[in-house]
Amino acid sequence: MAEPTVLRDDLDLPVRFGPGPVRRVVSLVPSLTESLAVTAPGVLAGATDWCTHPAGLDVPRIGGTKNPDVRRILALAPDLVLANDEENRRPDLDALRAAGVPVWVTDIRTVDDAFRSLERMLTLACGLPRPGWLDEARAAWRGADGRPSGQEADGPRAIVPVWRRPWMVLGRDTFAGDVLRRIGVRLVHADHTERYPAVPLPELLACAPDLVVLPDEPYRFTAGDGPEAFPGVPAALVSGRHLTWYGPSLAEAPAVLGAALEHPFVQGGNTPP
């Protein structure tokens, strides 16, 4: 009988795998769910209520990213659970580990991180061949008007709310912030001490941004809910999946986001797209 294997995840934590291949995986993150389901759909044994892609995904649901049902996960007898350091709560992951389930935690703060982390997760942790969509995504970002991580953007200064009541915006060291930076958007709060700072609306308006970028998740901003708070500021409504998800959507993200940013609208002026 083969010996168990110990590998290290993105947090450099040891993950002890059983002696056999990984055949049943539960994913606690929508991005990772899509990545695995597109690569090897038969391996996915469970996913969160928020896992909406690929379309028609039909697997048992185990609750949300912040409140997964640990007992239901254990009942699915997974060989591996996929998680993310930002999306999931450590007490839930510790409970799964204590029950003997291997947990692989990803840590993704940039587009480059996404490519490295997803390849390790799929090929090393799950034992799958490198998927073609990962190469397509890399090619899409090489062909975009992006720049490597660390190089400054030179486009419009933008505020990027991710929540309302209270207003919260993208700050430093976020995946979505790196996505926007690579397509030329300068984040007003990129140097904030917090990653997702809560900033009162008067302070946001005082920043005099060139643009406000409003995604449809995690808060669902729409043409009628969000732009009116920034009178006179061009607003771009963008796909939250293409802005915040790391996975197969990365192959479309430069084109989809670029098109949305190209024609922002002013509330009360030109018609939103």
Side-chain angles (χ1 to χ4, degrees), residues 5 7-12 15 17 21-48 50-57 59 65 78-88 102-151 174-183 217 238-258:
T5 300
L7 302 173
R8 290 188 174 272
D9 64 16
D10 287 0
L11 301 183
D12 201 33
V15 183
F17 291 81
V22 172
R23 298 189 185 280
R24 294 180 58 79
V25 178
V26 170
S27 171
L28 304 184
V29 184
S31 297
L32 304 183
T33 297
E34 183 179 20
S35 299
L36 180 63
V38 170
T39 304
V43 174
L44 189 66
T48 76
W50 300 105
C51 295
T52 58
H53 288 70
L57 182 66
V59 295
T65 58
D79 301 313
L80 179 66
V81 169
L82 302 178
N84 177 263
D85 189 49
E86 179 177 56
E87 292 289 333
N88 306 118
V103 178
W104 184 273
V105 183
T106 60
D107 184 20
I108 297 173
R109 308 293 178 92
T110 69
V111 173
D112 291 338
D113 284 348
F115 294 137
R116 287 190 295 265
S117 180
L118 291 169
E119 181 169 0
R120 291 186 74 244
M121 181 192 82
L122 293 169
T123 64
L124 189 62
C126 297
L128 298 170
R130 177 187 171 86
W133 64 258
L134 193 56
D135 294 322
E136 293 172 7
R138 282 184 182 273
W141 282 97
R142 282 196 301 269
D145 292 333
R147 48 199 47 80
S149 299
Q151 185 176 334
T174 67
F175 172 76
D178 189 56
V179 165
L180 290 170
R181 182 194 57 78
R182 287 183 56 130
I183 57 177
E217 63 174 85
V238 303
S239 161
R241 174 170 167 261
H242 291 95
L243 179 61
T244 65
W245 289 33
Y246 29 83
S249 58
L250 279 169
E252 305 170 344
V256 170
L257 294 173

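In what follows, residues are counted from 1 in the order of the sequence shown. All values derive from a computational prediction rather than experimental measurement.
- Nearest heavy-atom pair, E217 versus T244, reported as atom, atom and distance to 0.1 Å: OE2-OG1, 3.9 Å.
- Between V81 and P78, the shortest heavy-atom distance links the atoms CG2-CG, 4.1 Å.
- Within a 6.0 Å radius of CZ in R23, no more than 12 heavy atoms belonging to other residues, nucleotides or ligands are found.
- Across H242 and S239, no two heavy atoms sit closer than the pair ND1-OG, 2.7 Å.
- Under the 4.0 Å criterion applied to side-chain N and carboxylate O atoms, D112 and R182 are assigned as salt-bridge partners.
- The side-chain contact (heavy atoms from CB on, under 4.5 Å) test applied to P30 returns T48, W50, C51, T65, W245, not counting sequence neighbours.
- When D178, T106, I108 are each tested for a side-chain contact (heavy atoms from CB on, under 4.5 Å) with D113, only one passes: I108.
- The closest donor-acceptor contact from the side chain of W104 to the backbone of L7 lies at 3.5 Å or more, if one exists at all.
- Listed by chain and residue number, nothing satisfies the side chain to side chain donor-acceptor pair (under 3.5 Å) test with S35 (two or more places apart in sequence, or in another chain).
- Residues passing the side-chain contact (heavy atoms from CB on, under 4.5 Å) test with E119, sequence neighbours excluded: T123, R130, L134, R138.
- Contact check for W141 versus I183: side-chain heavy atoms found under the 4.5 Å cut-off.
- Residue E87 holds its CD atom at 8.5 Å from CG of L32, rounded to the nearest 0.5 Å.
- Between L36 and V25, some side-chain heavy-atom pair lies under the 4.5 Å cut-off.
- Checked against side-chain contact (heavy atoms from CB on, under 4.5 Å), P54 has the following partners two or more places apart in sequence or in another chain: E34, A37, V38, L57.
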Dump the intermediate steps for side chain to side chain contact (heavy atoms under 4.5 Å, CB included) on W133 and T39, then the final yes or no.
CA-CA 8 Å; W133 64 258; T39 304; 2.9 Å; yes
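- Between the OG atom of S31 and the CG atom of L82 there is a distance of 11.5 Å, given to the nearest 0.5 Å.
- Listed for the R120 side chain is a donor-acceptor partner under 3.5 Å among the backbone atoms of R8.
- The side chain to side chain donor-acceptor pair (under 3.5 Å) search around D79 returns none, not counting sequence neighbours.
- Panel note: side chain N88, backbone L28; a donor-acceptor pair is recorded below 3.5 Å.
- Screening N84, D10, D9 for a side-chain contact (heavy atoms from CB on, under 4.5 Å) involving S117 leaves a single residue, D10.
- Partners of T174 by side chain to side chain donor-acceptor pair (under 3.5 Å), not counting sequence neighbours: none found.
- Atom CG of L124 and atom CZ of F17 lie 7.0 Å apart (nearest 0.5 Å).
- V111 places a side-chain heavy atom less than 4.5 Å from the side chain of V179.
- The two residues L44 and S27 make their nearest non-hydrogen contact at CD1-CB, 4.1 Å.
- In terms of heavy-atom proximity, R109 sits nearest to D107 at NE-OD1, 3.1 Å.
- Scanning both residues, T33 and H53, for their nearest heavy atoms gives CG2-O, 4.1 Å.
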